[in-house]
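Quick notes on the structure that follows.
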Amino acid sequence: MPELPEVETMRLGISQFAGCRIQSVAFPRQSVRPISVTPRPRTIIAKLVGRVIVAVHRYGKRIAIEIAGSECGDATHWLVIEPRMTGLLLVADAPSPQHVRMQIQLSPLFSSVAKASTSPLSQLLFWDRRGLGTVRLLGEPGLLAACGPERLGPDALIVLGSDYSSRLHASIRAIKVALLDQRAVAGIGNIYAAEILFLAGIDPRLPCCRLTGLMWERLATVTRELLAEAVRLKGSTLGDATYRTPNNALGEFQLQHRVYGRQGLPCQACLRPIQRIVQAQRSTFFCPQCQKRSGQSRSQ
DNA sequence: CGTTCAACCTGGGCGC
DNA sequence: TGCGCCCAGGTTGAAC
C-alpha cells in the first residue's frame with residue numbers, strides 16, 4: 001500500500017517525535033518468526049535506548065528516523081523503515097496486536113507544557129500484517145547505500161521533466177514499468193503510476209524512447225501535482241482498508257482515483273470501459289481511448 | 001539492457 | 001462452512 005503519499009503522511013504524523021528520547025524498544029514477534037530486522041533486535045535495542053530522535057526523513061517510500069549520537073562519541077544512526085505492502089507507522093492503537101513488529105516508547109526530551117499537551121501519545125508502533133516490511137539501523141554509509149542517489153532517483157514530489165527525459169529517454173521499457181523503477185524516480189508505486197499516466201494522457205505501454213520532450217514535461221507536472229494532492233488527502237485507503245494514518249485516520253485520495261481498480265467501469269472522461277492489463281507482473285489500469293500512444297500531444 | 005519468475009508473508013474475496 | 005484458488009499498495013535476486 002504505502003507509496004509516496006502514504007509514507008509522507010506517516011512522516012508528517014510522527015515528526016512530532018523529533019526531540020524525544022527513546023525509552024524502550026521491543027520486537028514483539030521476534031520469537032515467532034525471524035522478521036526482517038538488521039542487525040539483530042538486541043543490537044538495535046542496545047543502540048537505541050536512551051538516544052534522542054533528531055528528525056524524521058523520507059526517502060522515496062522509506063522512512064529514516066535520525067538518531068543522535070551519544071556523548072561518548074558514538075555516531076549518528078538512522079532507523080530505516082520500509083513498509084512495503086502492508087506496513088504502517090502508528091502513534092495510535094494497532095488494528096491487531098499480533099502484527100505489531102516494533103514498539104518504541106518515547107519520553108519528551110524537555111517536559112515543556114507545550115510538548116506535553118501537543119503529544120500526549122508517546123508510543124510509536126511499526127505494524128505490518130503481511131510482514132514483508134523491513135527495519136534497519138544504519139550508519140551513514142548504510143544510509144547512503146540504502147537511500148542515496150545510487151539507489152533512488154529524484155523524489156517524485158519534485159521531479160522535473162528534464163529528470164525524466166535524461167534518465168529514461170533512451171530506454172525501451174514501457175513507461176509504466178519505468179515509473180515503478182525507484183532508481184529512475186523515487187516514490188511512485190502501482191496505484192499512482194496508473195493515475196499519473198491517465199491524467200497525463202499517456203499509454204502505459206508506450207516505450208520511454210517514444211515520449212517527446214513535451215510529454216516528459218507534462219508527465220512531470222502531473223506527477224508533482226497529483227502526488228501533492230494525494231499527500232494533502234493523506235493517501236489512499238482502498239477497500240480492504242488496512243492503510244491508516246499514524247493517527248488512525250483513513251486516507252481520502254481513493255475518492256479521486258480515476259482508473260486504479262476500476263476495470264470495466266466507464267472512464268470518467270469518455271465513458272468507455274477502463275481496461276486492466278499486466279505489465280511486469282503488476283496490474284495496470286488505463287483508458288485505451290484517453291491514453292492513446294501520444295496523449296493529446298501530436299507525435300510524428 | 002531488459003524481462004520473467006519466484007520468493008518473502010497474511011488475509012480478503014470468490015466459486016464451488 | 002469449508003476448501004482451493006486468485007488477488008493485493010513492494011522489493012530483491014536468479015535465470016534467461
Side-chain angles (χ1 to χ4, degrees), chain A residues 1-10 28-30 32-38 58-63 80-89 94-101 126-136 145-147 150-153 156 167-196 204-210 226-227 230-231 233-245 250-254 256-257 259-264 276-285:
Chain A
M1 118 217 348
E3 305 181 28
L4 185 152
E6 291 77 25
V7 179
E8 178 65 6
T9 301
M10 293 178 200
R29 290 203 72 193
Q30 182 185 352
V32 178
R33 190 177 71 79
I35 61 174
S36 305
V37 173
T38 52
R58 178 184 60 77
Y59 299 102
K61 302 172 190 170
R62 292 153 199 196
I63 291 285
V80 176
I81 298 162
E82 266 189 65
R84 302 257 176 119
M85 296 286 265
T86 51
L88 295 178
L89 286 173
S96 56
Q98 70 269 31
H99 298 114
V100 173
R101 311 292 176 159
F126 180 53
W127 179 94
D128 187 359
R129 196 181 63 193
R130 284 173 73 176
L132 300 177
T134 66
V135 174
R136 287 176 286 179
C147 303
E150 294 280 304
R151 199 98 195 162
L152 300 175
R167 287 157 185 272
L168 297 175
H169 75 92
S171 169
I172 63 172
R173 280 188 296 179
I175 180 60
K176 192 269 189 168
V177 175
L179 286 179
L180 296 181
D181 181 350
Q182 302 300 299
R183 308 170 93 117
V185 56
I188 298 175
N190 211 34
I191 293 177
Y192 294 99
E195 297 299 319
I196 287 165
R205 301 163 294 187
L206 191 66
C208 291
C209 55
R210 304 226 348 240
L226 184 140
L227 291 179
V231 170
L233 293 177
K234 304 184 191 318
S236 302
T237 299
L238 292 185
D240 66 1
T242 57
Y243 167 70
R244 305 292 165 88
T245 72
L250 301 181
E252 293 170 8
F253 190 75
Q254 67 279 4
Q256 311 290 322
H257 288 183
V259 289
Y260 187 85
R262 296 180 54 84
Q263 178 184 15
R276 173 185 179 271
I277 59 174
V278 174
Q279 292 178 287
Q281 286 87 241
R282 317 285 306 273
S283 290
T284 296
F285 300 91

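Letters go in sequence order (proteins before strands), and every chain restarts at 1. Computed from a prediction, not measured in an experiment: that's the story for all the values here. Quick note: numbers below take in every heavy atom, side chains included, and nothing from hydrogens, waters or symmetry partners.
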For this session: Name the closest nucleotide to the A:Val177 side chain, picking from B:dT3, C:dA8, B:dG11.
Result: B:dT3

Problem set entry | Side-chain N,O (A:Arg183) to OP1/OP2 (C:dT11) below 4.0 Å | no

Exercise. Just to confirm, is there a sub-4.0 Å distance from OP1 or OP2 of B:dC8 to any side-chain nitrogen or oxygen of A:Arg84?
Worked result: no

Problem set entry | Closest-nucleotide 5' rank along DNA chain B - winner of A:Gln281 and A:Ala170 | A:Ala170

Exercise. Does C:dG9 have OP1 or OP2 sitting under 4.0 Å from an N or O in the side chain of A:Tyr192?
Worked result: no

Seminar exercise, completed: Note, DNA chain B 5' to 3' with Watson-Crick or G-U pairs under 3.5 Å encoded as ( ), [ ], | and . gives .|||||||.|||||||

For this session: Please check if the distance between the ring centroids of A:Phe253 and A:Tyr192 is under 6.0 Å.
Result: yes

Seminar exercise, completed: When rounded to whole Å, the CZ to P distance for the pair A:Arg129 and C:dC7 reads 17 Å

For this session: Find the distance A:Leu250:CG to C:dG9:P and express it as a whole number of Å.
Result: 19 Å

Seminar exercise, completed: Looking only at C:dG9, B:dC5, B:dT3, the nucleotide nearest the A:Ile191 side chain is C:dG9

Exercise. If you measure from the C1' atom in C:dG9 to the same atom in B:dT3, how many Å do you get, rounded?
Worked result: 22 Å

Problem set entry | Between C:dG9 (P) and A:Arg244 (CZ): distance, integer Å | 19 Å

For this session: Kindly give the heavy-atom pair with the smallest separation between A:Cys208 and A:Leu168, and that separation in Å.
Result: CB-O, 3.1 Å

For this session: Round to the nearest Å and state the distance from A:Gln279 atom CD to B:dT3 atom P.
Result: 10 Å

Problem set entry | Pairs involving residues 175-186 of chain A, ordered by first then second residue, that meet salt bridge (charged side-chain N to carboxylate O under 4.0 Å, His left out) (sequence neighbours left out) | A:Arg173-A:Asp181

Problem set entry | Sequence-distant partners of A:Arg205, salt bridge (charged side-chain N to carboxylate O under 4.0 Å, His left out), two or more places apart | A:Asp203

Exercise. Reckon A:Thr134 touches a base, only the sugar-phosphate, or nothing at all at heavy-atom distances under 4.0 Å?
Worked result: nothing

Exercise. Can you find a side chain N or O atom of A:Lys61 that sits less than 4.0 Å from OP1 or OP2 on C:dT11?
Worked result: yes

Problem set entry | Comparing A:Arg62 and A:Glu3 on DNA chain C - which has the more 5′ nearest nucleotide | A:Glu3

Exercise. Side chain of A:Gln182: nearest nucleotide among C:dT11, C:dT12, C:dG9?
Worked result: C:dT11

Exercise. Can you tell me how far C1' of C:dG9 sits from CH2 of A:Trp127, to the nearest Å?
Worked result: 13 Å

For this session: Identify which nucleotide among C:dG9, C:dT11, C:dA8 has an atom closest to any side-chain atom of A:Asn190, counting heavy atoms from C-beta outward.
Result: C:dG9

For this session: Taking all non-hydrogen atoms of both residues into account, name the closest pair between A:Gly87 and A:Pro2 and its distance.
Result: O-CG, 3.4 Å

For this session: Consider the side chain of A:Arg173, meaning its heavy atoms from C-beta on, and name the nucleotide among B:dC8, C:dT12, B:dG2 that approaches it most closely.
Result: B:dG2

Exercise. Considering all heavy atoms of both residues, which atom of A:Gly133 and which atom of A:Asp128 are nearest to each other, and what is their separation?
Worked result: N-OD2, 2.7 Å

For this session: Indicate whether OP1 or OP2 belonging to C:dG9 is found under 4.0 Å from a side-chain N or O atom of A:Thr86.
Result: no

Problem set entry | Listed nucleotide nearest any side-chain atom of A:His99, set B:dC9, B:dC5, B:dG11 | B:dG11

Problem set entry | Interatomic distance at C1', C:dC3 relative to B:dC8, whole Å | 24 Å

For this session: Can you see which heavy atom on A:Leu180 is nearest to which on A:Asn190, and at what distance?
Result: CD2-N, 3.6 Å

Problem set entry | Separation of C:dC7 P from A:Phe285 CZ (nearest whole Å) | 11 Å

For this session: Give the intermediate values and the outcome of salt bridge (charged side-chain N to carboxylate O under 4.0 Å, His left out) for residues A:Lys61 and A:Glu6.
Result: CA-CA 8 Å; A:Lys61 302 172 190 170; A:Glu6 291 77 25; over 6 Å; no

For this session: Looking only at side-chain atoms of A:Arg130, point me to the closest of B:dC9, B:dT3, C:dT11.
Result: B:dC9

For this session: Specify the separation, in whole Å, of atom CG of A:Leu4 and atom C1' of C:dG10.
Result: 14 Å

Exercise. C:dT1 and B:dT10: how far apart are their P atoms, nearest whole angstrom?
Worked result: 24 Å

Exercise. Roughly, in whole Å, what's the span from CG in A:Leu132 to P in B:dC9?
Worked result: 8 Å

Problem set entry | Minimum heavy-atom distance between A:Val259 and A:Glu195, given as atom pair plus value | N-OE2, 3.1 Å

For this session: Output the single nucleotide from B:dT10, C:dG9, B:dG2 whose closest atom is nearest the side chain of A:Arg282.
Result: C:dG9

